[in-house]
Amino acid sequence: METVAVIDFETTGLAPEEGARATEIAVVLMREGQIVDRFQSLMNARVRIPAFIEALTGITNAMIRQAPPVAEVMRQAADFIGDTPLIAHNAAFDRKFLDTELARVDRCRSQEFACTVLLSRRLYPKAPDHKLGTLVRYNGLPVAERAHRALADAEMTAHLLARIEADLKTRYELPEVRHELLRRIQKVSLANLDGCIQSFKRRMQIG
DNA sequence: TGCCAGGCCCTCTTTAGGGCCTT
């Protein structure tokens with residue numbers, strides 16, 4: 001059975017090219033819709049966290065000063081993830097921080113990302129919006145006590161992923177939902193979703 | 001002076017613009 005890694009970063013800002021750095025990482029391994037392992041750590045990149053981000057995440061400059069060095073944490077995270085296919089909510093954001101922080105420790109990513117924002121826009125077009133918290137509540141999933149912390153957000157994303165996979169299986173009578181199919185789905189328009197999945201089923205000789 | 005992320009999606013589109021989503 002396929003294992004996927006759900007990843008979430010907390011950072012000092014929105015863009016590494018603007019000098020933003022990661023302050024916390026969490027990775028949740030999922031297999032058959034269940035969380036089977038977790039990695040989480042704060043990390044010290046020797047940068048100051050803006051006050052409004054301290055308020056948003058609850059991660060303070062005092063906490064970061066006592067955290068292990070970012071290079072040490074990223075090497076551990078890279079070893080934990082290995083070549084497991086990746087998932088994130090708004091994957092473009094986490095992908096660029098992952099790639100930037102890995103490059104700083106002379107490591108690189110080999111696997112692709114799937115994105116629960118793109119998937120949710122296709123599966124749940126009637127949701128009020130596609131923020132992580134909204135989608136979790138919209139689907140009646142467990143809401144983390146402390147959103148905007150990496151492990152809490154990664155676990156909420158993992159639960160959302162499990163719901164997406166379950167809904168795809170039910171709606172399209174699929175025996176399983178692999179990362180490759182998620183990647184295909186997120187690239188087609190909403191109008192072409194049904195056709196994309198039926199075509200995939202024919203190629204896989206399902207149904 | 002006025003803007004200041006960026007990748008992606010949607011549509012009153014594609015010779016573009018506006019909005020979403022992440023910290």
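We name chains A, B, ... by the order of the sequence lines, and we start the count at 1 in each one. In this text, all values refer to a predicted model and were calculated from it rather than measured experimentally.
Atom CD of A/Glu17 and atom C1' of B/dT23 are 13 Å apart (whole Å). To the nearest angstrom, P of B/dC20 lies 20 Å from CG of A/Leu119. Rounded to an integer number of Å, the gap from CD of A/Glu112 to P of B/dC8 is 11 Å. Between A/Arg21 atom CZ and B/dT22 atom P the separation is 23 Å, expressed in whole Å. Here B/dC21 presents its P atom at 19 Å from CZ of A/Phe113, a figure rounded to the nearest Å. To the nearest angstrom, C1' of B/dG7 lies 13 Å from CG of A/Asp94. One interatomic measurement links the two molecules: NZ of A/Lys131 to C1' of B/dC20, which rounds to 8 Å at whole-angstrom precision. A/Leu135 has its CG atom 8 Å from the P atom of B/dC21, to the nearest Å.
If you find the closest nucleotide of DNA chain B to A/His130 and to A/Arg122, the one lying nearer the 5' end belongs to A/Arg122. Mapping A/Gln186 and A/Thr11 onto DNA chain B by nearest heavy atom places A/Gln186 closer to the 5' end of the strand.
To the nearest 0.5 Å, atoms CD (A/Glu10) and CD (A/Gln40) are separated by 10.0 Å. Note that CZ of A/Arg149 and CG of A/Asp8 are 11.0 Å apart. Values are rounded to the nearest 0.5 Å.
Within the structure, every side-chain polar atom (N or O) of A/His89 is placed at least 4.0 Å from both OP1 and OP2 of B/dC21.
When heavy atoms are screened at a 4.0 angstrom cut-off, A/Asp129 is found touching the sugar-phosphate backbone but no base atom. No contact: A/Phe97 has no heavy atom under 4.0 Å from any strand.
Taking atom C1' on both nucleotides, B/dT23 is separated from B/dG6 by 13 Å, rounded to a whole Å. As rounded to the nearest Å, B/dT14 and B/dC9 have C1' atoms that lie 14 Å from one another. Going from the P atom of B/dG17 to that of B/dC3 covers 15 Å, rounded to whole Å. B/dG19 and B/dT13 are spaced 16 Å apart, taking the P atom of each and rounding to whole Å.
Checked against B/dA5, B/dC8, B/dT22, the side chain of A/Arg95 finds its nearest nucleotide in B/dC8. Among the nucleotides B/dT23, B/dA5, B/dT22, the one closest to any side-chain atom of A/Glu18 is B/dA5. If you check B/dG6, B/dC9, B/dT23 against the side chain of A/Lys96, the one that comes closest is B/dG6. Closest to the side chain of A/Thr57, out of B/dC21, B/dA5, B/dT23, is B/dT23. Picking from B/dG6, B/dG7, B/dT22 the nucleotide with the shortest atom distance to the side chain of A/Leu14 gives B/dT22. Listed nucleotides B/dC9, B/dT22, B/dT23 differ in distance to A/Asn90; the shortest reach to its side chain belongs to B/dT22.
Within 6.0 Å of CZ in A/Arg146 there are more than 12 heavy atoms belonging to other residues, nucleotides or ligands. For A/Arg31, the CZ atom sits in a loose shell: 12 or fewer heavy atoms of surrounding residues, nucleotides or ligands are nearer than 6.0 Å. In the displayed structure, A/Glu17 atom CD is contacted under 6.0 Å by more than 12 heavy atoms of other residues, nucleotides or ligands.
Judged purely by atom type and a 3.5 angstrom limit, A/Thr134 has no side-chain atom pairing as donor or acceptor with the backbone of A/His130.
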